[in-house]
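All remarks here apply to the structure that follows.
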Amino acid sequence: MDNMRELALDVLFEILEKGGYSHLVIRNVLDKYDYSDPRNKAFVKRVTEGTIERLIQIDYVLEQFSKVPVGKMKPLIRTLMRMSVYQLLFMDQIPDAAICNEAVKLSGKRGFRGLSGFVNGVLRNIARNRGNIQYPDKSKEWKKSLSVSYSMPEWLIDFWQEAYGRETMEKLVEGLFCEHPVTVRVKKDLAGKQKEAWIQELLKEGIGASRHPYHACAYRLSGALNVKKLPGYGEGLFVVQDVSSMLAVEAAGIALENAEETEESLLVMDVCAAPGGKTMHIAEKLGKRGRVYAFDLTEYKVTLIRDNIKRMGYENVEVHQHDASIPEPSFFGRADVVLADLPCSGLGTMGKKRDVKYRATKESMEELTGIQKKILDVVRKYVKPGGVLIYSTCTLNPKENEQMVSWFTERFPFRLDDLSPYLPKALSGEGKEGMLQLFPGVHESDGFFIARMIRDKA
């Protein structure tokens, strides 16, 4: 376990001090140490993700017990203190003495033997007084209390309250803090007995699988550390895809699985497609009666899409490396459907990418709206008259969502179209105005926005 603590320290240092993206750093490390005992990998995952998720609360506690402000600590010691406080406060199964002793050993091993007394003193003081920690009084400082309890920056609390009202804001702050299991889409043609056998194989590996109420092919997996090692992955039985992403594909109204040979083939474009979840979902819906053209910006992303398509066995997809903000005239007016799931601030994914809330700024969000407008002005040209444009983001920001749609429909010959016929019963009554905003804590999904628009025929 000792080397796992050091590994967790290195992972957190890479994320918190060097700016690495948490989901990528953690995934790469777990893949590298795939041979390790599952309990050790689970420890690293929990400590790293938990420390990041509760960072504001952890720093709040440290400031009460340390004479040295968190911001003035040596970067490695700061990271070590943060992960140790997380263990003290939220991992009851580990003895306090073990947490403190291992932190002292690690500080010495990494060249900070002179600070071992500081590390030991602060941590043991927190351990002795954990029941007396003073948190903000909700009746007097409700915003500060909410910020510390859910480790949410205060400016985001203000932002969401202004945008959605206090009740919805509080629900989504709490919803983003809850556990978000991996969601997968199983192949539609997977027979009932095959699906049941797959679920039983998962159970043998200690993985729980439960149907999601929003989509017949969506399953939530609990306890999955490495998706690539799960039963059925190599055989192409499922693909990782959040249910909100599945709803974006359903909103396109593609229903050609059982199309007659005489029906016209459809052309669908997915313009920012990586890692390919929506692309493959479309391909499955089209079957032999249509083709998907998937684009993305970098060779890495294109390779990711191609690898997924090969694993899943879809043959009606073409993948190209292309910058979506640059027009491709050969596709002008040809697409029956264009899916534009564009680069965004990603505020709806905090439940899975826990560092997003610390990276986001109002300035970066403003920059993204400019990119979104530029891409929309290009990809609209691919939609044939009467065709469908699906605009979606994984964020919670009216400027990137509802206001972006208003900007678009005011300038170009597109109109919003009722989404409700394409939504599950669990979401009945929503989407009638052509837009759907999904909120964690209100809906059972990531934070996600979908708009369905039709290009005028004239």
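This one's a predicted model, so the numbers in the text were calculated from it and none came from an experiment.
Counting only N and O atoms by type, the side chains of Asn397 and Ser345 include no donor and acceptor under 3.5 Å apart. Using modelled atom types and a 3.5 Å distance limit, the side chains of Glu444 and Tyr214 yield no donor-acceptor pair.
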Query raised in the report: Hey, mind stepping through Leu203 and Gln200 against side-chain contact (heavy atoms from CB on, under 4.5 Å) and telling me if it holds?
Result: CA-CA 5 Å; Leu203 286 173; Gln200 291 304 314; 3.9 Å; yes
Query raised in the report: Under the side-chain contact (heavy atoms from CB on, under 4.5 Å) criterion, do Val338 and Val268 qualify, and how do the steps go?
Result: CA-CA 6 Å; Val338 170; Val268 180; over 6 Å; no
Query raised in the report: Could you walk me through whether Ser392 and Asp341 pass the side-chain hydrogen bond (donor to acceptor under 3.5 Å, both in side chains) check?
Result: CA-CA 5 Å; Ser392 62; Asp341 187 21; 3.0 Å; yes
Requested in this report: Determine, step by step, whether Lys352 and Asp242 satisfy the side-chain contact (heavy atoms from CB on, under 4.5 Å) criterion, reporting the C-alpha distance in whole Å, the side-chain angles of both residues, the deciding distance to 0.1 Å, and the verdict.
Outcome: CA-CA 11 Å; Lys352 295 170 183 171; Asp242 191 73; 2.8 Å; yes
Query raised in the report: Taking it one step at a time, do Lys288 and Glu315 satisfy salt bridge (Lys or Arg N to Asp or Glu O under 4.0 Å)?
Result: CA-CA 9 Å; Lys288 296 180 180 180; Glu315 298 179 350; over 6 Å; no
Report task. Before giving the answer on side-chain contact (heavy atoms from CB on, under 4.5 Å), spell out for Arg82 and Leu55 the whole-Å C-alpha distance, their side-chain angles and the decisive distance to 0.1 Å. Result -> CA-CA 8 Å; Arg82 284 167 162 173; Leu55 194 62; 3.5 Å; yes
Report task. Run the numbers on Phe408 and Tyr391 for ring pair (Phe, Tyr, Trp, His ring centres under 6.0 Å), then give the verdict. Result -> CA-CA 10 Å; Phe408 183 76; Tyr391 172 68; 8.0 Å; no
Report task. Begin from the C-alpha positions of Glu201 and Lys204 and carry the test salt bridge (Lys or Arg N to Asp or Glu O under 4.0 Å) through to its verdict. Result -> CA-CA 5 Å; Glu201 286 295 316; Lys204 290 178 185 177; 3.4 Å; yes
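With Ser84 contributing its side chain and Leu80 its backbone, the two residues share a donor-acceptor pair below 3.5 Å. Listed for the Thr369 side chain is a donor-acceptor partner under 3.5 Å among the backbone atoms of Glu366. Within the 3.5 Å criterion, the main-chain N or O of Phe448 finds no donor-acceptor partner in the side chain of Asp446. Remark: the backbone N or O of Ser147 is not paired with any side-chain donor or acceptor of Ser151 at under 3.5 angstrom. Proximity of a side-chain donor or acceptor of Thr51 to a complementary backbone N or O of Thr48 within less than 3.5 Å is not detected. Judged purely by atom type and a 3.5 angstrom limit, Glu410 has no side-chain atom pairing as donor or acceptor with the backbone of Trp407. Under the 3.5 Å distance criterion, the side-chain polar atoms of Lys187 are matched with a main-chain donor or acceptor of Met312. Under the 3.5 Å distance criterion, the side-chain polar atoms of Glu400 are left unmatched by any main-chain donor or acceptor of Leu396. Ser245 places no side-chain N or O within 3.5 Å of a backbone atom of Gln241 that could act as its donor or acceptor partner. Under a 3.5 Å cut-off, the side chain of Asp355 and the backbone N or O of Tyr21 do not form any donor-acceptor pair.
Tyr60 pairs by the ring-ring contact (aromatic ring centres under 6.0 Å, His included) definition with nothing, not counting sequence neighbours. With sequence neighbours left out, the side chain to side chain contact (heavy atoms under 4.5 Å, CB included) criterion links Lys41 to Leu30, Asp34, Ser36, Leu225. In terms of the side chain to side chain contact (heavy atoms under 4.5 Å, CB included) criterion, residue partners of Ile454 (sequence neighbours excluded) are, by chain and number, Val388, Arg415, Asp417, Arg452. Residues meeting the side chain to side chain contact (heavy atoms under 4.5 Å, CB included) test with Pro75, sequence neighbours left out: Phe13, Glu17, Arg78.
A salt bridge links Glu53 with Arg354: at least one charged nitrogen is closer than 4.0 Å to a carboxylate oxygen. Using a cut-off of 4.0 Å between Lys/Arg side-chain N and Asp/Glu carboxylate O, Glu174 and Lys171 are scored as not salt-bridged. Taking a cutoff of 4.0 Å between a charged side-chain nitrogen and a carboxylate oxygen, Glu318 and Arg291 qualify as a salt bridge. Salt-bridge formation is detected for the pair Glu250/Lys285: a Lys NZ or Arg NE/NH1/NH2 atom is positioned less than 4.0 Å from an Asp or Glu carboxylate oxygen. By the 4.0 Å N-to-carboxylate-O rule, Arg166 lies close enough to Glu170 to be salt-bridged with it.
Between Ser265 and Asp336, the shortest heavy-atom contact is O-OD2, 4.3 Å. Minimum interatomic distance between Ile305 and Ala274 (heavy atoms only, all atoms of both residues): CD1-N, 3.5 Å. Looking at every heavy atom in both residues, Ala252 comes nearest to Val337 through CB-CG1, 3.8 Å. When all heavy atoms are compared, the tightest approach of Tyr164 to Pro398 is OH-CD, 3.4 Å. When every heavy atom of Ser149 is checked against every heavy atom of Gln57, the shortest pair comes out as O-OE1, 3.9 Å.
At least one side-chain heavy atom of Phe412 sits under 4.5 Å from a side-chain heavy atom of Asp377. Here the side chains of Leu436 and Phe449 are not in contact, with every heavy-atom distance at 4.5 Å or above. For the pair Phe295/Gln321, no side-chain contact is recorded, criterion being any heavy-atom separation below 4.5 Å from C-beta on. Side chains of Leu156 and Met350 form a contact here, defined as non-hydrogen atoms less than 4.5 Å apart. Considering only heavy atoms from C-beta on, Val271 stays 4.5 Å or farther from Leu339 through its side chain. In this structure, the side chains of Cys344 and Gln372 come closer than 4.5 Å at one or more pairs of heavy atoms. When side chains are defined from C-beta on, Ile371 does not count as touching Lys374, because their heavy atoms never get closer than 4.5 Å. By the 4.5 Å heavy-atom criterion applied to side chains, Ile94 and Met91 are counted as neighbours.
Annotation for Glu154: atom CD counts as buried by contact number, over 12 foreign heavy atoms lying within 6.0 Å. Within 6.0 Å of NZ on Lys381 lie more than 12 heavy atoms contributed by other residues, nucleotides or ligands.
Aromatic pair Phe238/Tyr219: ring centres not closer than 6.0 Å.
Residue pairs meeting the side chain to side chain donor-acceptor pair (under 3.5 Å) criterion with at least one partner in residues 427-440, sequence neighbours excluded, are Asn401-Gln437, Glu430-His443. Within the structure, every pair that satisfies the ring-ring contact (aromatic ring centres under 6.0 Å, His included) test and touches residues 267-293, not counting sequence neighbours, is listed here: His215-His281, Tyr293-Phe331.
For Arg380 and Phe414, the positive end is not near the middle of the six-membered ring at less than 6.0 Å and at most 45° from its axis. In this structure, Arg54 satisfies the cation-pi test against Phe90, with its NZ or CZ atom closer than 6.0 Å to the six-membered ring centre and inside 45 degrees of the ring normal.
Once rounded to the nearest 0.5 Å, the distance linking OG1 of Thr79 with CG of Leu106 reads 11.5 Å. A distance of 11.0 Å separates CG in Leu24 from CD in Glu14, rounded to the nearest 0.5 Å.
If you run side-chain hydrogen bond (donor to acceptor under 3.5 Å, both in side chains) between Thr279 and each of Asp296, Asn308, Asp270, only Asp270 comes through.
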